[in-house]
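Below is one structure, written out as structure tokens; comments come after it.
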Amino acid sequence: MKKFLKKIIIGLLVFIAVNAIIMGVYEYPSYKAIQNKTHRNYLKWDAIHSPSNSFDMIIIGTSRCYAAFNPVVFDSILDTNSYNMSTSAQDIAETYYALEEIYQHQKPKYIVLDLFFETADESYDYYQIFSNSSFFKSNKRKFSLISDGYGSSGFLNYAIPLVRFKNYIKQDVSKLFSRKESLRVEDNWIKGHLHDTLIVSDSEISAFGPISNFENTSFSKERFDKYFNKINALVKKNNAKLICLRAPYPPTRLSLKDTDDEGTYFKEYTSKAQIPFFDINAKENYDEFYEDKDFADYHHTNYKGARKASLEAAKFIKQIIY
């Protein structure tokens with residue numbers, strides 16, 4: 001019995017040590033970035049929390065959104081003071097609680113929400129979710145995001161670094177056996193928008209797969225409906241207007257499938273909900289306007305594509321708000 005207990009205690013100590021090491025390896029860079037005031041999420045929330053700022057338009061969504069929509073372009077056309085609060089792998093539950101936090105410190109009249117199947121799928125990047133929500137000033141809101149947004153899975157990932165970082169550990173291990181290096185440099189930001197100068201390579205273009213659809217994602221209609229309605233109700237409660245966009249995909253990806261599940265679903269959904277929606281990928285809007293070289297990779301625009309997307313979106317929004 002004593003030997004058995006000894007093994008359990010040793011195993012527990014090893015488990016704690018492994019998690020402590022993982023926590024240090026993956027959280028230390030973020031800690032240093034916060035100390036140096038270069039952490040992107042920290043800087044975004046610092047802008048929101050600052051009483052000297054007054055934003056009347058908030059753009060929000062995933063990295064596709066922060067790459068595609070430049071607030072400076074929006075402001076030049078709409079006469080607004082906008083800010084892009086999109087974050088990497090942002091989940092729709094995360095979006096809702098982020099907007100709650102935003103409305104506690106800002107009074108935006110317009111919320112521009114980018115729609116993307118993977119924001120409401122059944123796969124969550126807890127590292128990114130907790131990185132974003134860690135800058136909420138409300139601890140109650142942080143707890144609600146974990147408990148109401150993700151339940152026991154949320155608590156498990158929050159408590160155990162080995163679980164939370166498992167996908168990043170796999171990626172880093174695979175990099176040890178690969179010579180390919182990431183060329184993406186994310187250090188040129190404009191009001192929360194990534195001004196990306198990277199241009200996708202021909203080899204990457206040749207490896208493109210179809211855009212998000214019902215077959216290659218675990219999109220949950222029920223989950224999307226639940227949180228979209230909560231977002232819409234929150235915006236209305238604050239006497240603001242919700243406007244939805246869909247960031248562009250490279251033309252090669254759009255051509256790989258005859259149907260567009262994502263575009264069709266969001267068009268029908270927003271129409272029933274009577275929410276303005278502009279889909280840049282729709283044929284009547286897309287035409288031959290975009291090139292693959294307007295993108296930094298398989299679904300993020302670079303600065304060339306972002307200017308096109310921002311101009312198009314701003315013109316649509318102008319029709320809505322004026």
Side-chain angles (χ1 to χ4, degrees), residues 40 44 57-78 80 82-90 112-119 182-213 216-217 243-257 260 262-263 266-267 276-319:
R40 178 43 40 192
K44 287 193 174 193
M57 177 177 287
I58 294 294
I59 307 160
I60 197 163
T62 66
S63 59
R64 278 173 46 75
C65 186
Y66 72 52
F69 302 118
N70 186 342
V72 172
V73 175
F74 276 31
D75 296 345
S76 68
I77 295 174
L78 303 173
T80 51
S82 61
Y83 199 88
N84 195 320
M85 280 301 293
S86 305
T87 54
S88 296
Q90 190 173 118
V112 178
L113 173 66
D114 184 62
L115 300 182
F116 177 40
F117 265 3
E118 293 181 26
T119 62
S182 174
L183 299 175
R184 195 174 184 83
V185 178
E186 299 188 353
D187 58 3
N188 191 0
W189 295 83
I190 304 168
K191 297 187 75 175
H193 158 70
L194 174 61
H195 182 84
D196 200 339
T197 57
L198 183 64
I199 298 176
V200 67
S201 67
D202 291 333
S203 61
E204 289 175 303
I205 293 170
S206 65
F208 278 168
I211 65 171
S212 297
N213 56 64
N216 62 13
T217 67
I243 301 168
C244 295
L245 304 176
R246 183 172 173 237
Y249 287 103
T252 292
R253 289 194 70 194
L254 286 172
S255 67
L256 293 176
K257 209 170 185 295
D260 181 0
E262 191 178 64
F266 287 138
K267 181 179 180 180
F277 172 54
F278 182 69
D279 183 1
I280 291 177
N281 303 280
K283 290 182 179 179
E284 63 270 21
N285 303 324
Y286 201 93
D287 198 22
E288 297 178 357
F289 193 46
Y290 291 89
E291 301 175 358
D292 288 326
K293 297 294 184 178
D294 289 328
F295 293 78
D297 57 27
Y298 68 103
H299 73 171
H300 296 100
T301 57
N302 56 31
Y303 74 99
K304 294 180 180 179
R307 178 155 184 82
K308 293 179 180 181
S310 300
L311 285 169
E312 280 192 285
K315 289 176 183 176
F316 169 77
I317 294 171
K318 186 174 184 179
Q319 295 175 352

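The first residue of the sequence shown is numbered 1, and numbering continues consecutively from there.
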Item checked: Pairwise distance CD(Glu262) to CG(Asp279) - rounded to 0.5 angstrom -> 8.0 Å
Item checked: Spatial distance of atom CZ (Arg64) from atom CG (Asp297) [nearest 0.5 Å] -> 10.0 Å
Check: Can you name the nearest heavy-atom pair linking Pro71 to Ile59, along with the distance?
Finding: CG-CD1, 4.1 Å
Notebook entry, point to check: For atom CZ of Phe208, is the number of surrounding heavy atoms from other residues, nucleotides or ligands below 6.0 Å larger than 12?
Noted result: yes
Check: Hey, does Phe74 have a side-chain heavy atom less than 4.5 Å from the side chain of His193?
Finding: no
Checklist line | Over all atoms of both residues, closest heavy-atom pair of Ser212 and Thr217 | finding: CB-CG2, 4.0 Å
Check: Name the one of Phe69, Phe266, Phe116 that satisfies side chain to side chain contact (heavy atoms under 4.5 Å, CB included) with Leu245?
Finding: Phe69
Checklist line | Pairwise distance OG1(Thr80) to CD1(Ile317) - rounded to 0.5 angstrom | finding: 8.0 Å
Next item on the list: Would you confirm whether Asp114, through its side chain, and Val112, through its main-chain N or O, come within 3.5 Å as a donor-acceptor pair?
Entry: no
Check: Side chain of Tyr298, backbone of Arg253: donor and acceptor closer than 3.5 Å?
Finding: no
Note to self: Strictly below 4.0 Å, N to O, side chains only: are Lys308 and Asp294 in salt-bridge contact?
What the structure shows: yes
Note to self: Under 4.0 Å between a side-chain nitrogen and a carboxylate oxygen: does that hold for Asp202 and Lys293?
What the structure shows: yes
Item checked: Candidates Asn70, Asn84, Asp75 - the one meeting side chain to side chain contact (heavy atoms under 4.5 Å, CB included) with Lys191 -> Asp75
Notebook entry, point to check: What's the shortest heavy-atom distance between Leu256 and Pro210, and which atoms?
Noted result: CD1-N, 3.8 Å
Next item on the list: Examine the side chains of Tyr66 and Gln90 and answer whether a donor and an acceptor come within less than 3.5 Å of each other.
Entry: no
Check: Quick one: OH on Tyr249 to CG on Leu254, what's the gap to the nearest 0.5 Å?
Finding: 8.5 Å
Next item on the list: State, to 0.1 Å, how close Ile211 and Asn213 come at their nearest heavy-atom pair, and which atoms those are.
Entry: O-ND2, 3.0 Å
Check: What are the two closest heavy atoms between Ser201 and Ser203, and how far apart are they?
Finding: OG-OG, 3.0 Å
Item checked: Donor-acceptor contact below 3.5 Å, side chain Ser88 vs main chain Thr62 -> no
Note to self: Check this for me, if you would: do Asp260 and Lys267 make a salt bridge, where the nitrogen-to-carboxylate-oxygen distance has to be below 4.0 angstrom?
What the structure shows: no
Item checked: Non-hydrogen side-chain atoms of Asp196 and Thr301 separated by less than 4.5 Å -> no
Next item on the list: Can you measure from OH (Tyr303) to CZ (Arg307) and round to the nearest 0.5 angstrom?
Entry: 11.5 Å
Next item on the list: Search all heavy atoms of Ile60 against all heavy atoms of Met85 and return the closest pair with its distance.
Entry: CG1-O, 3.8 Å
Notebook entry, point to check: Between CD1 of Ile205 and OG1 of Thr252, what distance do you get to the nearest 0.5 Å?
Noted result: 6.0 Å
Next item on the list: Assess whether atom NZ of Lys257 is packed by more than 12 heavy atoms of other residues, nucleotides or ligands within 6.0 Å.
Entry: yes
